[in-house]
Amino acid sequence: LIGCDLSVWSETRNPQRYAFSLAVSERLIARIPKEKSPVVEFVQSSTRKHVLSRRSDMLQRISIAQRLGLAFTGAVLVLLTVAGVSLSSNRSGARALEHMVEIANDQAIGTRAAHALGMLRLQVKNYLLSNAEVDISAFDDRRADFEQALAEANGAFQNAERRALLGKINMAYEGYLDAWGEVLEVISRRNTLRQSTVPQAAEQLGDATSVMVAELPRVAEEEARAILKEAGAVGRLAQQVADSRGRLALARFEDPAANLSARVERLVGSYLVADKTISAPMLAALDALRAALVEVDALNGRRDTAVLDGLDRIGPEINALFDDIVAGLDRERRALSQQTDASLDQAMQATILATLIGLLGAVSMALLITRSIVGPLNRLQRRLADIAEGEGDLTARVPIEGRDELAALSTSFNAFVEKIQALVREVQAAAEMVASASTQIATASEQTSRGMHDQSVQIEQIATAIE
């Protein structure tokens, strides 16, 4: 049944009947045990031959030029496929490279900003140590550098995580500037007290002490000189305390000042001094000096608070945020590097796979096209060789397959052989007629020869009889 259906398809080209027969044959063959009988092998070989003949017949329905064009188109498609895969890989690599460059730029910007912040904090430390105006000018320069780097980072960073960290840095930097402003204000007020108020108060203390000593009686002259000397020492100590930057320095002033005040009060309260009010200006000057030093100490406390709770706290926080940015960039760079390596490997594999598939398709197409062209040519050549070198069988014909140039050539050749065959038949008929006529002429000649021989015998007999 399968053979009949395949034969029907070969004659009628009914694809539905052929597909049905092929499916039935495949299902039957799948159920047959491994030990194949000759019938099964014949069915399998017939099926394969019909499949191959169908593919070859599909190619022979088009011309050779179209087949060559199809082969060229296939080759171009293979090249375009490989080029497309390579271009896609190159684009992926280019995007990864652009991202790597962006990360490198962001990392450089973050590093510059962190360095500028470090220099800014260093300049703050220098000013806290020196309290010099030149360090304030240097701080302004460092501040300008850091703000420029920060503005560059604000314009360059596009990643959401980095921009969020940068927003925290901006907020922290505003707090840092507020603390710096507090420190500047406190130190400016402290310098005013240290350079003006305290020296004036110490000078007033000395003057008031001199006036008080001058009004004391001579019997208290020795004690007056000691008080005057002690007041001078307290004034100098007050200047030292004012120049000191620590809060513990005020304790150094309290005891000498209290001793001086108690000594004056004892002297004035004794019987040696009649006027009890002569010490009032001196004690008022001492209280003013003490108040100035207390204010200096309070300003030192405000400064320490602004430095410890502001500058020394916010600065490391900003550094930590920059470290987070740099660490995030490092992680992103490593992840991108791994992703790029994996993408390049995948692209290389895809390119190799596309190349292999393209080559396989091109080779298959080339084999099919070559077979569709060379097969009919070989059959035509063998047929011509049989006619030329064999017994000259003019009844043989070249099979016509397809609608291409070779089919047209086979048709023309068959027509030519058919004409030669007809001519040979005519020549053969004429030769047979000539042979028949020759036979008749030979028979007539033989009869004539016999008649002449008989006449010659009769003449000899007559001649003998006459003699």
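Proximity of a side-chain donor or acceptor of S188 to a complementary backbone N or O of L184 within less than 3.5 Å is not detected. Under a 3.5 Å cut-off, the side chain of R163 and the backbone N or O of N154 do form a donor-acceptor pair. Side-chain N or O atoms of N191 include one that pairs as donor or acceptor with a backbone N or O of I187 at under 3.5 Å. Using modelled atom types, no side-chain atom of E185 and backbone atom of W180 make a donor-acceptor pair closer than 3.5 Å. Side-chain N or O atoms of S337 include none that pairs as donor or acceptor with a backbone N or O of R333 at under 3.5 Å. Of the possible donor and acceptor atoms, one in the side chain of T305 sits under 3.5 Å from a partner among the backbone N and O of G301. When atom types are taken as modelled, the side chain of S244 and the backbone of Q240 share no donor-acceptor pair closer than 3.5 angstrom.
L289 CG to Q200 CD: the interatomic distance, rounded to the nearest 0.5 Å, is 11.5 Å. The line from CG of N319 to CG of L117 is 4.5 Å long, rounded to the nearest 0.5 Å. Note that CD1 of I103 is 11.5 Å distant from CZ of R331, once rounded to the nearest 0.5 Å. Considering CG of D312 and OH of Y176, their distance stands at 8.0 Å, rounded to 0.5 Å. For the atom pair CG (L150) and CG (N170), the distance works out to 4.5 Å, reported to the nearest 0.5 Å. Here the straight-line distance linking atom CG of L283 with atom CZ of R290 works out to 9.0 Å at 0.5 Å rounding.
With a 4.5 Å cut-off on side-chain heavy atoms, P316 and R121 count as touching. Taking the side chain as every heavy atom from C-beta outward, E161 and E332 never approach each other to under 4.5 Å. L165 has its side chain out of reach of F157: every pair of non-hydrogen atoms, C-beta onward, lies at least 4.5 Å apart. Between R143 and Q123, the closest side-chain pair of non-hydrogen atoms is not below 4.5 Å. Using a 4.5 Å cut-off on side-chain heavy atoms (C-beta onward), M119 and D145 make no contact. R189 has its side chain within reach of E295: a pair of non-hydrogen atoms, C-beta onward, lies under 4.5 Å apart. Contact annotation: the side chain of V213 never approaches that of M282 to less than 4.5 Å [non-hydrogen atoms, C-beta and beyond]. Between L177 and E147 the shortest side-chain heavy-atom distance falls below 4.5 Å.
For D324 and K168, the salt-bridge test fails: no basic side-chain N is under 4.0 Å from an acidic carboxylate O. Checked for salt-bridge contact, E182 and R303 miss the test: no charged N lies under 4.0 Å from a carboxylate O.
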L128 and V124: CA distance, side-chain angles, deciding distance, side-chain contact (heavy atoms from CB on, under 4.5 Å) verdict:
CA-CA 6 Å; L128 292 176; V124 169; 4.1 Å; yes
Could you walk me through whether R302 and R190 pass the side-chain contact (heavy atoms from CB on, under 4.5 Å) check?
CA-CA 10 Å; R302 288 178 57 189; R190 176 178 168 275; over 6 Å; no
Taking it one step at a time, do Q107 and D330 satisfy side-chain contact (heavy atoms from CB on, under 4.5 Å)?
CA-CA 8 Å; Q107 194 168 11; D330 288 336; 2.6 Å; yes
side-chain contact (heavy atoms from CB on, under 4.5 Å) assessment of F139 paired with L122
CA-CA 9 Å; F139 172 84; L122 180 62; over 6 Å; no
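Closest non-hydrogen pair, E230 versus P256, comes out as OE2-O, 3.9 Å. For V296 against A242, the heavy-atom pair with the smallest separation is CG1-O, 4.2 Å. Looking at every heavy atom in both residues, I109 comes nearest to A156 through CD1-CB, 3.4 Å. Taking both residues in full, the closest heavy atoms of G310 and A179 are given as CA-CB, 3.8 Å, listed atom of the first, atom of the second, then distance. For the pair A208 and A285, the tightest heavy-atom approach, listed with the atom from each and the gap, is CB-CB, 4.3 Å. Considering every non-hydrogen atom in both I325 and L166, the closest pair reads CD1-N, 4.4 Å.
Of the residues E222, E221, E223, the one that meets the side chain to side chain donor-acceptor pair (under 3.5 Å) test with R225 is E221.
With a 6.0 Å radius and a threshold of 12 heavy atoms from other residues, nucleotides or ligands, Q195 has its CD atom above the threshold. Annotation: E203, atom CD; neighbour count of heavy atoms from other residues, nucleotides and ligands within 6.0 Å does not exceed 12.
For the residue pair Q158 / D106, no side-chain donor-acceptor distance below 3.5 Å is found, with atom types taken as modelled. For the residue pair Q239 and D243, a side-chain donor N or O sits within less than 3.5 Å of a side-chain acceptor on the partner.
Residues that satisfy the ring-ring contact (aromatic ring centres under 6.0 Å, His included) test with Y173, not counting sequence neighbours, are F146.
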